[in-house]
Structure formats: C-alpha cells, structure tokens
Amino acid sequence: MLTIPSVTLNDGSAFPELGFGTYKLRDEEGIASIVSAIEVGYRLIDSAVNYGNEREVGEAVRRAGDRLGVDRDELLVVSKIPGREQGYDEAIASTEASLRRLGLDRLDLHLIHWPNPSVDKYVDTWRALVALRDRGLVRSIGVSNFTEPMLTRIIDATGVVPAVNQVELHPYFPQARLRAFHAGLGIRTESWSPLARRSELLTETVVDDLAAAHGVSPTQVVLRWHTQLGSTPIPKSSHSARQRENADVFGFTLTDDELDAISALERGRLWGGDPDTHEEM
Ligand SMILES: NC(=O)C1=CN([C@@H]2O[C@H](COP(=O)(O)OP(=O)(O)OC[C@H]3O[C@@H](n4cnc5c(N)ncnc54)[C@H](OP(=O)(O)O)[C@@H]3O)[C@@H](O)[C@H]2O)C=CC1
Ligand SMILES: O=C(O)C(=O)[C@@H](O)[C@H](O)C(=O)CO
C-alpha cells in the first residue's frame with residue numbers, strides 16, 4: 001500500500017497531498033473502484049451531492065473497514081453543497097441529508113460546490129458551514145470555484161478563512177495568481193480535473209520528455225507538478241493500475257525550470273466554467 005504524505009490545514013487538520021476524484025463513479029462498479037483506490041493508499045475521497053454517489057462512497061468506506069482493515073478515521077470524506085441547496089437553513093438540511101446518504105456521522109471536509117453569484121446565497125451558506133463545523137458534523141470547511149473577491153467577501157463577513165478552495169487547475173490553467181492569494185491566507189489549493197480529463201495534455205512534448213528524463217509516466221509528471229506547486233490534485237480513475245500510477249508520485253522531484261516548462265502550457269480554462277458566470281444548481 002502506498003503512503004501519501006499530508007500537510008496541515010489552517011484549522012490544524014491533516015490533509016493528504018493527493019486525493020481521489022469520484023465524479024462519474026456510481027453503482028457497484030463505482031464502489032469497487034473507490035475500495036480499490038483505498039487499497040492502493042488513497043485516503044482523501046472527493047464526492048458531491050451532484051455526483052449522485054454519496055451512498056457509494058459511504059459503502060466503500062464501510063467495505064474498506066471490513067475487508068482491508070482501513071479504519072474510517074484514516075479516511076477523509078469530502079462532499080459539496082449544490083447550488084440549489086444554498087442558503088443557511090437549506091445548507092444545514094443539505095449536509096444532514098448528505099450524512100444520511102453516506103451513512104456517516106461526520107464529513108471530513110465540506111465545500112460550497114459553486115458560488116452561483118447570480119443567486120447570491122454563498123455568504124449565508126458559508127455561515128451554515130461554520131455552524132456545522134461548530135456542531136461537529138463537519139471537521140473542515142471550504143469552498144470550490146471561488147475567486148479572490150468571493151473569498152474576501154466570506155472572510156470579511158464571518159472572520160472564518162476557508163481551509164480549502166478546490167478549483168480547476170492543470171498545466172493548461174495553472175492559476176498562479178489565485179494560488180499566491182491562497183498562500184497568503186493559508187488556504188490549501190485543491191486541483192480538480194488535474195489531468196485536464198486526460199485530453200491531449202498527456203501527449204504534450206514537454207510532459208513526455210520530462211517523463212522520459214525521470215523514468216516515470218506523463219501522468220506522474222503532471223501530478224508531481226501539482227504537488228510541488230503546493231496543490232492537492234484529486235485524479236479520478238476507475239482502474240486500479242492507473243490509481244496506483246497516479247498516487248505513486250513522491251519518489252522523484254521536478255526542478256524549478258521543469259515546473260516552469262510545464263506551467264508554460266497555460267492556455268486558460270478548458271470547459272468555460274468561469275465562477276463569475278457559471279451557474280451549477
Ligand atoms: N469542484 C468542482 O467543480 C469539480 C470537481 N471535480 C473533481 O475532480 C475529480 C477529478 O477530475 P476529473 O474531471 O474526473 O478529471 P481528471 O483530470 O482526474 O481525469 C480523469 C480522466 O483521466 C483518465 N485517467 C486517469 N488516470 C489516468 C492514467 N494514469 N492514464 C490515462 N488516463 C487516466 C480517467 O479514465 P479512467 O477512469 O478510465 O482511468 C478519466 O477519463 C473529479 O472526479 C471530481 O471529484 C471535477 C470537476 C469539477
Ligand atoms: O464535477 C464537478 O464537480 C462539476 O462541477 C462538474 O459538473 C463539472 O463542472 C462538469 O463536469 C461540467 O461539465
């Protein structure tokens with residue numbers, strides 16, 4: 001079993017430097033993939049109400065305990081409040097429903113999935129997350145797809161700095177400015193779609209040349225780039241061998257020049273999900 005190192009969040013909790021994405025993993029096959037990831041060594045499991053797989057994640061956690069001896073407390077289960085369940089009371093009810101579907105008594109990290117600025121309920125939703133943390137239903141609280149002004153607004157309104165902001169981040173969209181802003185506030189960056197959903201990223205010459213130079217795979221080069229930038233990538237794979245490949249990235253180091261060469265692939269967001277305009281209910 002691989003050991004994935006951890007960092008400490010601004011609330012004192014340990015947080016893995018690399019986690020497992022579960023978007024599209026559903027049903028019995030999805031449960032098997034999540035159990036396999038836990039067997040490989042992943043401890044951070046990223047879910048969301050909108051993935052429709054909280055039941056599967058909860059079942060995988062129980063099976064990992066029964067079959068692999070991995071205690072629930074070794075795992076960090078993450079979910080996200082969808083746009084349609086934003087608002088103070090709605091977010092409390094949403095979180096209680098997530099816990100029921102998961103069959104767990106605590107989320108380790110809970111995020112506001114998208115800010116949905118036209119609805120303008122994310123400040124009240126953030127207040128609800130603070131209350132849920134105080135009640136012990138959620139250990140760490142954070143956001144996803146938040147911009148600098150949105151982060152500033154919730155911090156000014158509540159005095160509570162998110163532990164994590166999970167955002168689109170990959171070599172085509174390195175988010176240097178947002179990462180620097182996070183670092184100044186002690187917010188951990190998490191990278192969604194860290195492999196740019198596979199795409200042509202893995203056949204870029206710079207990525208392939210660095211893979212050959214370090215004796216690793218193109219995927220490992222990209223995921224090591226994330227961890228060395230100080231962001232936690234959450235690659236998704238349904239295949240055990242790929243899950244292992246993706247997690248096994250802590251045995252080599254890219255130089256600063258190599259990191260810069262990968263970041264030079266920048267071209268912008270790949271799917272048009274601009275948090276200032278994107279509405280995801
Ligand atoms: N907060 C947010 O708004 C968002 C959050 N997310 C989260 O981020 C996670 C990861 O992002 P996701 O969009 O899934 O994309 P990823 O960048 O993780 O790419 C996943 C794709 O890459 C393939 N893949 C994975 N590993 C390898 C490998 N070693 N070699 C070749 N192909 C590989 C997978 O195929 P296969 O399964 O067949 O191996 C899948 O098609 C999501 O699952 C979700 O948890 C994603 C989008 C938005
Ligand atoms: O996967 C997620 O968390 C999302 O927010 C997705 O809906 C993502 O934005 C997407 O796949 C849109 O096509």
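In what follows, residues are counted from 1 in the order of the sequence shown. Numbering of ligands and ligand atoms starts at 1, following listing order.
- Here the protein heavy atom with the shortest distance to atom 12 (P) of ligand 1 is Ser193 OG, 3.6 Å.
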Side chain to side chain contact (heavy atoms under 4.5 Å, CB included) assessment of Val222 paired with Thr219: CA-CA 5 Å; Val222 170; Thr219 315; 5.9 Å; no
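- Listed by number with element, the atoms of ligand 1 under 4.0 Å from a non-hydrogen atom of His113 are 1 (N), 2 (C), 3 (O).
- The protein atom (non-hydrogen) at minimum distance from atom 22 (O) of ligand 1 is Arg198 CB, 3.8 Å.
- Below 4.0 Å from some heavy atom of Ser237 lie the following atoms of ligand 1, by number and element: 25 (C), 26 (N), 36 (P), 37 (O), 39 (O).
- Classification of Asp108 and Arg43 as a salt-bridged pair fails, no side-chain N sitting under 4.0 Å from a carboxylate O.
- Proximity of Val167 to ligand 1, defined as any heavy-atom pair under 4.0 Å, is not found for any part of the residue.
- The closest approach between a heavy atom of Gln166 and any atom of ligand 2 is not below 4.0 Å.
- The shortest N/O to N/O separation between Leu195 and ligand 1 falls below 3.5 Å.
- Some N or O of Glu280 is nearer than 3.5 Å to an N or O of ligand 2, by distance alone.
- Closest protein heavy atom to atom 29 (N) of ligand 1: Asn246 OD1, 2.9 Å.
- Between Arg242 and Glu245 no salt bridge is recorded (no basic side-chain N to carboxylate O distance below 4.0 Å).
- Within 6.0 Å of the CZ atom in Arg177, the count of heavy atoms belonging to other residues, nucleotides or ligands does not exceed 12.
- Only the side chain of Trp114 comes within 4.0 Å of ligand 2, judged by heavy-atom distances.
- Closest protein heavy atom to atom 3 (O) of ligand 1: Asn145 ND2, 2.9 Å.
- Within ligand 2, the atoms closer than 4.0 Å to a non-hydrogen atom of Tyr51 are 1 (O), 2 (C), 3 (O), numbered from 1 in the order shown.
- Residue contact check: Gln166 has heavy atoms under 4.0 Å from atoms 1 (N), 2 (C), 4 (C), 5 (C) of ligand 1.
- In terms of heavy atoms, Leu104 sits closest to Val61 at CD2-CG1, 4.3 Å.
- The N/O atoms of Lys80, backbone and side chain alike, include none that comes under 3.5 Å of an N/O atom in ligand 1.
- By the 4.0 Å heavy-atom criterion, Trp114 is counted among the residues contacting ligand 1.
- Each of the atoms 18 (O) of ligand 1 lies under 4.0 Å from some heavy atom of Pro235.
- Annotation: cation-pi geometry not satisfied between Arg153 and Trp126 (NZ/CZ under 6.0 angstrom from ring centroid, within 45° of ring axis).
- Heavy atoms of other residues, nucleotides or ligands lying less than 6.0 angstrom from CG of Asp105 number 12 at most.
- Electrostatic pairing of Glu59 and Arg55 does not count as a salt bridge here, judged by no charged N lying under 4.0 Å from a carboxylate O.
- Ligand 1 places these atoms under 4.0 Å from at least one heavy atom of Asp46: 7 (C), 44 (C), 45 (O).
- Proximity of His278 to ligand 2 is not established, as no heavy-atom distance is less than 4.0 Å.
- Counting heavy atoms under 4.0 Å from ligand 1, residue Glu245 touches it through the side chain alone.
- Here Ala196 has backbone heavy atoms under 4.0 Å from ligand 1, and that is the only part of it that gets that close.
- Taking the charged nitrogens against the carboxylate oxygens, Glu96 and Arg101 have no contact shorter than 4.0 Å, which rules out a salt bridge.
- Comment: Arg127 engages Asp124 in a salt bridge, judged by a side-chain N to carboxylate O separation of less than 4.0 angstrom.
- Taking atom 9 (C) of ligand 1 as the reference point, the nearest protein heavy-atom neighbour is Ile234 O, 3.2 Å.
- Ligand 2 lies nowhere less than 4.0 angstrom from a heavy atom belonging to Trp271.
- Classification of Arg100 and Glu54 as a salt-bridged pair fails, no side-chain N sitting under 4.0 Å from a carboxylate O.
- For the pair Glu56 and Arg62, the salt-bridge criterion is not met [side-chain N within less than 4.0 Å of a carboxylate O].
- Of the N and O atoms on the side chains of Ser231 and His226, not one donor lies less than 3.5 Å from an acceptor on the other residue.
- Atom numbering of ligand 1 starts at 1 in the shown order; those under 4.0 Å from a heavy atom of Thr219 are 28 (C), 29 (N), 30 (N).
- Protein non-hydrogen atoms do not reach within 4.0 Å of atom 13 (O) of ligand 2.
- For Asp11 and Arg139, the salt-bridge test fails: no basic side-chain N is under 4.0 Å from an acidic carboxylate O.
- For Asp66, the CG atom sits in a packed shell: over 12 heavy atoms of surrounding residues, nucleotides or ligands are nearer than 6.0 Å.
- When the heavy-atom distances from atom 15 (O) of ligand 1 to Lys236, Arg242, Arg197 are ranked, the shortest goes to Arg197.
- Under 4.0 angstrom from ligand 1, the non-hydrogen atoms of Ser144 all belong to its side chain.
- Closest approach of Asn145 and Trp192 over heavy atoms only: OD1-NE1, 2.8 Å.
- For the pairing with Leu18, the side-chain contact (heavy atoms from CB on, under 4.5 Å) check across Asp248, Asn246, Ile4, Leu44 returns one residue only, Ile4.
- Ligand-side atoms of ligand 1 in range of Tyr51: 4 (C), 5 (C), 6 (N), 7 (C), 44 (C), 45 (O), range being under 4.0 angstrom from any heavy atom.
- No part of Leu111 comes within 4.0 Å of ligand 1, judged by heavy-atom distances.
- Remark: Glu200 CD is packed, more than 12 non-hydrogen atoms of other residues, nucleotides or ligands lying under 6.0 Å away.
- Of all atoms in ligand 2, listed by their number and element, those nearer than 4.0 Å to a heavy atom of Arg197 are 8 (C), 10 (C), 11 (O).
- Nearest to atom 4 (C) of ligand 1 by heavy atom, out of Phe20, Tyr23, Trp192, is Trp192.
- Here is the list of ligand 1 atoms found below 4.0 Å of a heavy atom in His239: 36 (P), 38 (O), 39 (O).
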